> 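Take this structure first; my questions come after.
What you see is a predicted model, and the numbers here were worked out from it, not measured in a lab. Just the heavy atoms: all of them, side chains too, but no hydrogens, waters or symmetry mates, feed the values below. For ligands, and for the atoms within them, numbers begin at 1 and follow the listed sequence.
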Amino acid sequence: MADYDVIVIGAGPGGYVAAIRCAQLGFKTACVDNWINEKGQAALGGTCLNVGCIPSKALLESSHHYYALQHEFKDHGIKVKGCSIDLAKMMERKNHIVASLTGGVSMLFAKNKVTWIKGHAKLLSNSVVEVENPNQPGEKNQLNAANIIIATGSKSAGIKLAPFDGERIVDSTGALSFDEVPKRLGIIGAGIIGLEMGSVWHRLGAKTVILNRGDNFLKTVDRQIADAALKEFQTQGLDIRLGAKLKEVNQQSDSIRLVYEDAKGQASVEVDKLLIATGRKPNTAKLNADAVGLHINQRGFIEVDQECRTNLQGIYAIGDCVRGPMLAHKASDEGMAVAERIAGQSPEIDFTKVPWVIYTSPEIAWVGRTSEQLKDRGIQFNTGVFPFLANGRSLALGSNKGMVKLLSDAASDQILGVHIFGPYASELIAEAVVAMEFTASAEDLARTIHAHPTLSESLHEAALAADGRAIHI
Ligand code: FAD
Ligand code: NAI
């Protein structure tokens, strides 16, 4: 008899959600994970809870308060004197949030009777997994199950010119734990991590320069939104240099000199700490994939079909280690869907409706197609844009930058994409996702009553604007 019905490898938002859903569906489930946290303890939650989504948002919130106190409170008639940072306390708060959430996952495992197995897992066949005991290196245990879900996630890709040293040259994990605010922070890559972590340290006082190889700022974001965001971030003081190809990274005794080339020629900049944020790569090298014949592509991603099935019978793969966006909610959705498929159900995931959020200030959020993608596909569409400047709640909040942009099919009026740069875009985008899941038209949103005064009225007005009848602009 098999030890388990399902073994999940990896306990990030893909793996732990898959394991809980499997248990809910009545499967005897184990989840193997090799994460060791800063204290040297095993912890559930993977990248997202330990060194990703959660700690970064905790620091974004703290740093935003500090920035607002210095730059925004005066507009409210509130005078602040002698405000300073206690970075150790800020980090302690962040660590506490992480600990409460990772501990919460272990309670969810206990409640759902998911067996947590600590250690590194590798495949011995399509039904046998070998786990190495982290406390007794060399001691190995074999477990079998009819179904295996691989959810081993990803790690920072890094660049050859500047290998991580954990001190001065760091990845996002290092940049979440600096023990003092760097005077000058260099970041390679103006993507999501570069912008979020750059925002944190810039707000806390680091002179921050971001070098990005490509000219196209946030190339997957709707151009109008990306252009507005770039202008705003530069106004805030983030020094974003586009088309900057890194040529040399020279370590000096107490600084790092970055030599790069852009359209104007060769230039250099001195920094104290360097964050490399040039993308992430899948964690699949140590799975024993070749030996068991599991197909992995040239970039290290496990090959799967639309339903997350690998080429091996009974083995599925989900989350950051397979194709598609590297996002926690995408991983979790795939985890639930795979569990339900094993149970004989027929869930579907529509990758065109995965929301994206960049937690800058203001935030950027989007779902569906951009104007550029629609033009490339030759699709005729209507555009409705509404600026937060004309929204009462935004003015009351003191956050009136940005806009909502809604794109709808010219013939059917179906909403094809919604793009937001503005306050709480992360929360506002949910309405657009639900509308698109229900194949709503712009007219459906235009005829939906939105409470006043709320930020969501901007989405309502953008829907009206798609038909040329916005009221407040
Ligand atoms: P992971 O979370 O990476 O988990 C994989 C787990 O598997 C890890 O615990 C790993 O140790 C374990 N593992 C790997 N190999 C083995 C093995 N052989 N045996 C046993 N265990 C193994 N996404 C968002 O949606 N929103 C955000 O705000 C956000 N912010 C982020 C901020 C940062 C700084 C970073 C780095 C990422 C962020 N992400 C965010 C991305 C998000 O963290 C990932 O998309 C998500 O964690 C992927 O989930 P996963 O379950 O596929 O993998
Ligand atoms: P990214 O793919 O978002 O951005 C990488 C950037 O680096 C790009 O702009 C690219 O042009 C640039 N770049 C690549 N190589 C370079 C080089 N050699 N020199 C200079 N620039 C270079 O990757 P990032 O920021 O590392 O994040 C990885 C992934 O993690 C994200 O794509 C996202 O999936 C996930 N994530 C999600 C978050 C969220 O949902 N809010 C937050 C943080 C990460």
> Atom NZ of residue position K401 - does it have more than 12 heavy atoms of other residues, nucleotides or ligands inside 6.0 Å?
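Not buried by this count: 12 neighbours or fewer within 6.0 Å.
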> Are K330 and ligand 1 in contact, using a heavy-atom cut-off of under 4.0 Å?
no
> If you count the atoms of ligand 2 from 1 in the order shown, which ones are under 4.0 Å from a heavy atom of Y359?
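Reading through ligand 2 atom by atom, the close ones are 41 (N).
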> Taking only heavy atoms of V32 into account, list the atoms of ligand 1 that are under 4.0 Å away from them.
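Those of ligand 1 that fall under 4.0 Å from V32 are 20 (C), 21 (N).
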> Quick one: does Y16 get within less than 4.0 Å of ligand 1, heavy atoms only?
no
> My understanding is that we take every heavy atom of each candidate and find the minimum distance to atom 42 (C) of ligand 2. Doing that for I193, I192, T278, which one comes out nearest?
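Among I193, I192, T278, the closest heavy atom to atom 42 (C) of ligand 2 belongs to I192.
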> Short N/O distance, under 3.5 Å, between L287 and ligand 1?
no
> Is there a donor-acceptor pair closer than 3.5 Å between any side-chain N or O of N34 and the backbone N or O of G119?
no
> Would you mind checking which non-hydrogen protein atom is closest to atom 45 (O) of ligand 1, with the distance to 0.1 Å?
D320 OD1, 2.8 Å
> Counting heavy atoms only, which part of V357 comes closer than 4.0 Å to ligand 2: side chain, backbone, both or neither?
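For V357, the contact with ligand 2 is made by the backbone alone.
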> Side chain or backbone of E196 under 4.0 Å from ligand 2, or both, or neither, by non-hydrogen atoms?
side chain
> Does ligand 1 have any atom sitting under 4.0 Å from a heavy atom of V357?
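In this structure, V357 fails to qualify as a contact of ligand 1 - no heavy atom is under 4.0 Å.
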> Would you say the side-chain atoms of T152 and N283 include a donor-acceptor pair closer than 3.5 Å?
no
> Please list, in number order, the atoms of ligand 1 under 4.0 Å from a heavy atom of C48.
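Counting atoms of ligand 1 from 1, those under 4.0 Å from C48 are 2 (O), 43 (O), 47 (O).
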> What do you reckon, does G119 put a non-hydrogen atom under 4.0 Å from ligand 1?
yes
> Classify the side-chain pair S177/E38 by whether it contains a donor and acceptor separated by less than 3.5 Å.
yes
> Ignoring angles and geometry beyond distance, decide whether L176 reaches within less than 3.5 Å of ligand 1 through its nitrogen or oxygen atoms.
no
> Taking both backbone and side-chain atoms of E196, is any N or O found less than 3.5 Å from an N or O belonging to ligand 1?
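Min N/O separation from ligand 1 is not below 3.5 Å for E196.
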> Which ligand 1 atoms does S56 reach within 4.0 Å, using its non-hydrogen atoms?
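Near S56, the atoms of ligand 1 are 32 (C).
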> Give a yes or no on this: more than 12 heavy atoms of other residues, nucleotides or ligands lie within 6.0 Å of atom NZ of K245.
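Enclosed.
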> Please state whether the rings of W366 and W356 are parallel, tilted or perpendicular, taking 30° and 60° as the class boundaries.
parallel
> Please work out, at 4.0 Å between heavy atoms, whether the side chain, the backbone, both, or neither of L246 comes within that distance of ligand 2.
neither
> Say whether P325 and ligand 2 are in contact under the criterion: heavy-atom distance to a ligand atom below 4.0 Å.
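So P325 does not count as touching ligand 2.
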> Any atoms of ligand 2 less than 4.0 Å from a non-hydrogen atom of L211? List them with their elements.
20 (C), 21 (N)
> Would you indicate which of R213, K57, K160, K281 comes nearest to atom 21 (N) of ligand 2 when only heavy atoms are counted?
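Ranked by closest heavy atom to atom 21 (N) of ligand 2, first place is R213.
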> Enumerate the atoms of ligand 1 whose separation from the nearest heavy atom of M326 is less than 4.0 angstrom.
41 (C), 45 (O)
> Would you call the rings of W201 and F178 parallel, tilted or perpendicular if under 30° counts as parallel and over 60° as perpendicular?
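W201 and F178: tilted rings.
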> Kindly confirm or rule out an N or O of A121 lying under 3.5 angstrom from an N or O of ligand 1.
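A121 vs ligand 1: N/O contact under 3.5 Å present.
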